J.: 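Okay, here's the structure, questions in a sec.
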Amino acid sequence: MPKASPSKAPLPKKPREPKKVKDVALNTMRVANYQAKLAVYEEEMAAYKVGQRRREADKVAVKRRLSASDAEPAAKRPTPARRETPEACVAGSAEAPRAPPAE
């Protein structure tokens with residue numbers, strides 16, 4: 001199943017080489033047509049490679065940014081200690097019931 005929005009551009013297809021024929025004029029025309037299609041393919045392939053390099057550089061930049069933010073953790077607030085009274089435990093607190101304090 002294809003992705004909804006592919007992150008990678010489709011790869012351009014290289015044209016097939018023309019079959020050799022005995023007619024020199026027809027063969028020359030086919031080769032010229034092939035050379036024109038090949039030039040277009042090479043331009044598309046160069047653009048594709050530039051896009052892939054940029055895509056890879058973006059991925060590396062995101063990884064660097066994430067690792068830099070992990071290196072310097074933000075100051076966290078200390079969580080307050082939770083105190084449960086025996087009455088709260090009996091009243092149906094979400095915490096597991098505790099034994100009453102020893103006197």
Side-chain angles (χ1 to χ4, degrees):
M1 178 183 239
K3 291 183 180 179
S5 60
S7 58
K8 199 170 180 183
L11 192 64
K13 296 195 181 219
K14 186 174 182 178
R16 292 190 332 188
E17 286 192 42
K19 290 184 179 180
K20 306 279 187 209
V21 291
K22 290 183 179 180
D23 186 9
V24 177
L26 183 59
N27 197 32
T28 306
M29 185 179 71
R30 286 182 174 187
V31 169
N33 191 16
Y34 170 73
Q35 293 296 334
K37 287 181 181 179
L38 189 62
V40 170
Y41 164 77
E42 288 172 352
E43 288 176 12
E44 289 175 352
M45 200 62 190
Y48 175 83
K49 286 181 180 179
V50 167
Q52 291 305 304
R53 277 191 227 110
R54 185 176 57 239
R55 180 173 173 255
E56 186 64 30
D58 290 345
K59 285 170 67 175
V60 169
V62 167
K63 285 183 182 179
R64 271 196 207 124
R65 205 174 320 127
L66 288 176
S67 67
S69 66
D70 289 343
E72 301 172 20
K76 294 184 178 179
R77 293 185 329 197
T79 55
R82 188 169 183 175
R83 295 184 186 168
E84 287 276 338
T85 60
E87 294 82 27
C89 289
V90 173
S93 164
E95 296 254 340
R98 293 191 213 171
E103 292 183 22

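Because only heavy atoms are used, hydrogens play no part in the values below, and waters and symmetry mates are left out as well, while side chains stay in. As the structure is a prediction and not an experimental result, all values here were calculated from the model.
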J.: Do you know which two heavy atoms are closest between Lys20 and Asn27, and how far apart they sit?
T.: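 Closest approach of Lys20 to Asn27, heavy atoms only: CA-OD1, 4.0 Å.
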
J.: How long is the span from the CD atom in Glu17 to the NZ atom in Lys14, to the nearest 0.5 Å?
T.: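 Between atom CD of Glu17 and atom NZ of Lys14 there are 7.0 Å.
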
J.: Which heavy-atom pair separates Tyr41 from Pro15 by the least distance, and what is that distance?
T.: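 Shortest heavy-atom separation between Tyr41 and Pro15 comes out as CB-CD, 3.8 Å.
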
J.: The criterion is side chain to side chain contact (heavy atoms under 4.5 Å, CB included); which residues satisfy it with Val62, sequence neighbours excluded?
T.: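 Once residues adjacent in sequence are excluded, the partners of Val62 under the side chain to side chain contact (heavy atoms under 4.5 Å, CB included) criterion are Arg65, Leu66.
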
J.: Donor-acceptor pairs under 3.5 Å, side chain of residues 28-38 to any protein atom, not counting sequence neighbours: which ones?
T.:
{"unit_1": "Thr28", "atom_1": "OG1", "unit_2": "Val24", "atom_2": "O", "d": "2.7"}
{"unit_1": "Arg30", "atom_1": "NH1", "unit_2": "Lys19", "atom_2": "O", "d": "3.4"}

J.: In the hydrophobic clustering that connects Ile, Leu, Val, Met, Phe, Trp and Tyr at side-chain heavy-atom distances below 4.5 Å, which members other than Val60 occupy its cluster, ordered by chain and number?
T.: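 When side chains under 4.5 Å apart are linked, Val60 ends up in no cluster with other residues.
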
J.: Please enumerate all residues that pass side chain to side chain contact (heavy atoms under 4.5 Å, CB included) together with Arg53, with sequence neighbours excluded.
T.: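 For Arg53, the residues satisfying side chain to side chain contact (heavy atoms under 4.5 Å, CB included) (neighbours in sequence not counted) are Lys49, Val50.
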
J.: Listed by chain and number, what are the side chain to side chain contact (heavy atoms under 4.5 Å, CB included) partners of Asp23, not counting sequence neighbours?
T.: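 Listed in chain order: Ala25, Leu26.
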
